[in-house]
Participant: 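I have a structure here, written as structure tokens, and I will follow up with some questions on it.
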4 protein chains.
Amino acid sequence: MANDNKKRTIEMKKDTVLKAAIRLFAEKNYEATTMAEIAREANVSFGSVSIYFGNKEELFMACVVLPLEEFTKSLLDFDPSPNSYREEIQTFILKHFELFSTQKEYLRLLVQVIGQYERFSEAFKVVNEHNEKLNNKVSQLIVNGQQANQLADGDAEKIAIAYVSLLFGLRLSYADDPSLENWNQFAEIAMRLFGPK
Amino acid sequence: MANDNKKRTIEMKKDTVLKAAIRLFAEKNYEATTMAEIAREANVSFGSVSIYFGNKEELFMACVVLPLEEFTKSLLDFDPSPNSYREEIQTFILKHFELFSTQKEYLRLLVQVIGQYERFSEAFKVVNEHNEKLNNKVSQLIVNGQQANQLADGDAEKIAIAYVSLLFGLRLSYADDPSLENWNQFAEIAMRLFGPK
Amino acid sequence: MANDNKKRTIEMKKDTVLKAAIRLFAEKNYEATTMAEIAREANVSFGSVSIYFGNKEELFMACVVLPLEEFTKSLLDFDPSPNSYREEIQTFILKHFELFSTQKEYLRLLVQVIGQYERFSEAFKVVNEHNEKLNNKVSQLIVNGQQANQLADGDAEKIAIAYVSLLFGLRLSYADDPSLENWNQFAEIAMRLFGPK
Amino acid sequence: MANDNKKRTIEMKKDTVLKAAIRLFAEKNYEATTMAEIAREANVSFGSVSIYFGNKEELFMACVVLPLEEFTKSLLDFDPSPNSYREEIQTFILKHFELFSTQKEYLRLLVQVIGQYERFSEAFKVVNEHNEKLNNKVSQLIVNGQQANQLADGDAEKIAIAYVSLLFGLRLSYADDPSLENWNQFAEIAMRLFGPK
DNA sequence: AATGAATGAGCTTTCATTCAT
DNA sequence: GATGAATGAAAGCTCATTCAT
């Protein structure tokens, strides 16, 4: 029991460190962020950070990879063979927009990894795999929708890529925090990528 | 005359340094790039780099700002009140795509500046101003097109932002060198943002 | 009784730690060896190591000093006034060689202490005292042997020092594990130090 | 010319650093010696030390290897086929003793390398090669002397090893600076290793 | 004008030690 | 008695910058 409490505390501390690291890495980037800063922000000694996550590189990797599973899960939470394709798209656009406007920091991290993919090749590889899953599922939905005569013609894969690119591009354009409403105003425009009725 | 030759040589050297700096800053990012590396790449001593551009920060600023004028000029090279709006859009999309697929390195630099706008606040300010010019001109064209009944309804400014976001997003998605053809395949899809006929 | 068992266990653990420490200190040297490594090697927590031996310096001291008593006892196990001096010398040479080839690790430790006597001044002092005992006893035997007309002339003390130096020198030369046989081949040569018949 | 002067100055500074490093490494050992200390001792910044020799490991390697050539040359400076073998041996013993009593610091370094040959495997390899040259040449001289009936029988190689071991062993025994006279008193004893007349 | 030797601030990382459990 | 989480001193190293040549 006492042991359990200890474990919980450690897990909580690790999480605090991770959150702080994500925030700082996102805002300032990998090398401009010092381990000491992260430790200070998380109210632990920098020795503890090393104990928790190994070295700086591993910590960065953890910042990128650990939240990725849940993040992608949210992104993939739609039905690729719905009754109404346009409605389903509309729905996931809103969901995605909410995610992208909410998870600002984590997304800055992803932009960094993608933007310097040579330097962060390992992290990039993992991110890319997840990204591809999203591309594939959106692509699949488009194909299905076209076969069901509910979506206009067009290269499904390219449309999917364009859609995901738009998501990241908007995140970049709205570097300074936009309110959720702003994003919603783009929903109708994003919809256009999938072709007219 | 002799003086002219010398000047030309210096200008040429400065340009070599700038090119090298852009390439390295883009690929590896600001702090991961060392002054020594840039100097080596440009075949000058690092003392010369300092003489030409001052310190590292000023060099980075130069890398971002100096090419910006010409870059934006290319982007703005379209008529906001053409006879055929859809044709004009089609044309500038192709031109923009060519620019974005050609200027890979410089765009990685811009992504960096935008992605860490707090850190590069000064550079960001300049970039943002230019960006706004593009947004405004595209926006203006859309408004004109709508008034001329050639373009579908929709918030012109938002459409412009979405369009520019798509440009940057694609640049990010195609981190690993895309051929120009690939980009052209997205032209039709990008067109969709401006609404159906 | 229960207490006795416990004590025995603690004594055994301490011994395990000491053995591990000697091995590691010998092989890698004082600063290159970490307390954590020693603890791991001995299957105890590093907290226990501190409890058993205090701090790192005290542990090292223990590694040097604790085996010294028995080690010297073995070295001194010969008769300084035997009937046949040459036979006695022959005998202790073999005994010493066996000790020096068997106790490789401990001797590396001693070499370290002697080699950096300023740094390990306290340990060195103790080692030196024991060393002197050996020198003195060998020296005494030589003097006796010379008086008994069984050994050739020569500065007895210097011969003793040379003999002990040869022991350590051979240990150094045969850094990579020598078999006992190799050592024995040096017995006849070592004998020469004590002069011809 | 100015360039030449500069080069000379740098070479001199490098030498100062090397000397300081040898002294400190010898006295305190590799890890107990800090780069800052070496730099301070040599009156340069620690940045310069890095420029001159790379990192700490490379500096240590340089300390071991650079003086080795000349050191071995001195050791090997004898004739393996002289007229009088005993005289030749007598002569090189005195020469070797002088070297070993003069080059105290460098020899402490060698003892360190040999004593922790696993840790300094690269340096050890080089040292060992040179050591073998000495062994071989001494060995050769003994064989020649035996064939010329001037030296007593006995395994020549083992005698050579014993002789070199005695040199190192004495260096170890006389950790605290001995005067040259002391060493000379051992000359006659060392001679005994090569057998009676 | 150009060079690159020299400097030292500032970073990451390791590890002995302490102490609450 | 035993553990191992936490700390932070201290080290090596990198690199922007200065400045004598």
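Computed from a predicted structure; not experimentally measured. Atoms considered below: every heavy atom in the structure, side chains included; atoms not considered: hydrogens, waters and symmetry mates. Naming: A, B, ... by sequence-line order, numbering from 1 per chain.
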Participant: Taking only side-chain nitrogens and oxygens of C/K56, does any of them come within less than 4.0 Å of OP1 or OP2 of E/dC15?
Facilitator: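 Looking at the OP1 and OP2 atoms of E/dC15, neither is under 4.0 Å from any side-chain N or O of C/K56.
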Participant: Taking the side chain from D/Q112 and the backbone from D/F25, do they hold a donor-acceptor pair closer than 3.5 Å?
Facilitator: yes
Participant: Does E/dA1 pair with anything, Watson-Crick or G-U wobble, both distances under 3.5 Å, and if so, with which nucleotide?
Facilitator: none
Participant: When you check the phosphate oxygens OP1 and OP2 of F/dA2, does a side-chain N or O of C/S48 lie under 4.0 Å from one of them?
Facilitator: no
Participant: Taking only side-chain N and O atoms of B/Y52, does any of them lie within less than 4.0 angstrom of OP1 or OP2 on E/dA1?
Facilitator: no
Participant: Expressed as a whole number of angstroms, how long is the span from C/I38:CD1 to F/dG4:C1'?
Facilitator: 17 Å
Participant: In whole angstroms, how far is the P atom of F/dC13 from the CG atom of D/L59?
Facilitator: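 After rounding, the gap between these two atoms is 10 Å.
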Participant: So, does B/T33 use its side chain to make a donor-acceptor pair with the main chain of B/N29 at under 3.5 Å?
Facilitator: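 Confirmed, B/T33 side chain pairs with B/N29 backbone.
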Participant: Indicate yes or no for a side-chain donor-acceptor contact from C/K56 to the backbone of C/Y30 under 3.5 Å, with no hydrogens or angles considered.
Facilitator: yes
Participant: Which residue, C/T33 or B/N43, contacts DNA chain E at a nucleotide closer to its 5' end, judged by nearest heavy atom?
Facilitator: B/N43
Participant: Tell me the interatomic distance from D/F53, atom CZ, to F/dC13, atom P, rounded to whole angstroms.
Facilitator: 14 Å
Participant: Nearest-nucleotide wise, let me know which of A/F46 and B/F46 is further upstream toward the 5' end of DNA chain E.
Facilitator: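 Taking each residue's closest nucleotide, the earlier one in sequence belongs to B/F46.
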Participant: Between D/R108 and D/K104, is a side chain to side chain contact (heavy atoms under 4.5 Å, CB included) present by the stated rule, with each step listed?
Facilitator: CA-CA 6 Å; D/R108 291 180 89 174; D/K104 187 191 172 192; 4.3 Å; yes
Participant: Give none if E/dT21 has no partner; otherwise give the nucleotide forming a Watson-Crick or G-U wobble pair with it, both distances under 3.5 Å.
Facilitator: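 Base-paired to F/dA2.
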Participant: Paired with F/dC15: which nucleotide, if any, by Watson-Crick or G-U wobble criteria at under 3.5 Å for both distances?
Facilitator: E/dG8
Participant: Could you check how far CD1 of B/I51 sits from C1' of E/dA1, rounded to whole Å?
Facilitator: 6 Å
Participant: Where each residue is assigned the nucleotide of DNA chain F containing its nearest heavy atom, which of A/S45 and B/A32 is assigned the position nearer the 5′ end?
Facilitator: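 Whichever sits nearer the 5' end wins; that is A/S45.
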Participant: Check for a donor-acceptor pair, side chain of D/K13 on one end and backbone N or O of D/Y52 on the other, with a separation under 3.5 Å.
Facilitator: no
Participant: Could you give the OH-to-C1' distance, from A/Y30 to E/dT12, as a whole number of Å?
Facilitator: 9 Å
Participant: Please report, rounded to the nearest Å, how far the C1' atom of F/dC19 is from the CG atom of B/N55.
Facilitator: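 It works out to 16 Å between those atoms.
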Participant: Rounded to whole Å, please give me the gap between NZ in B/K28 and P in F/dC15.
Facilitator: 8 Å
Participant: What contact category does C/T34 fall into here, base, sugar-phosphate, or nothing, at under 4.0 angstrom with non-hydrogen atoms?
Facilitator: sugar-phosphate
Participant: Roughly how many Å is it from CE in C/M35 to P in E/dT18, rounded to a whole number?
Facilitator: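 Taking atom P of E/dT18 as the reference, CE of C/M35 is at 10 Å.
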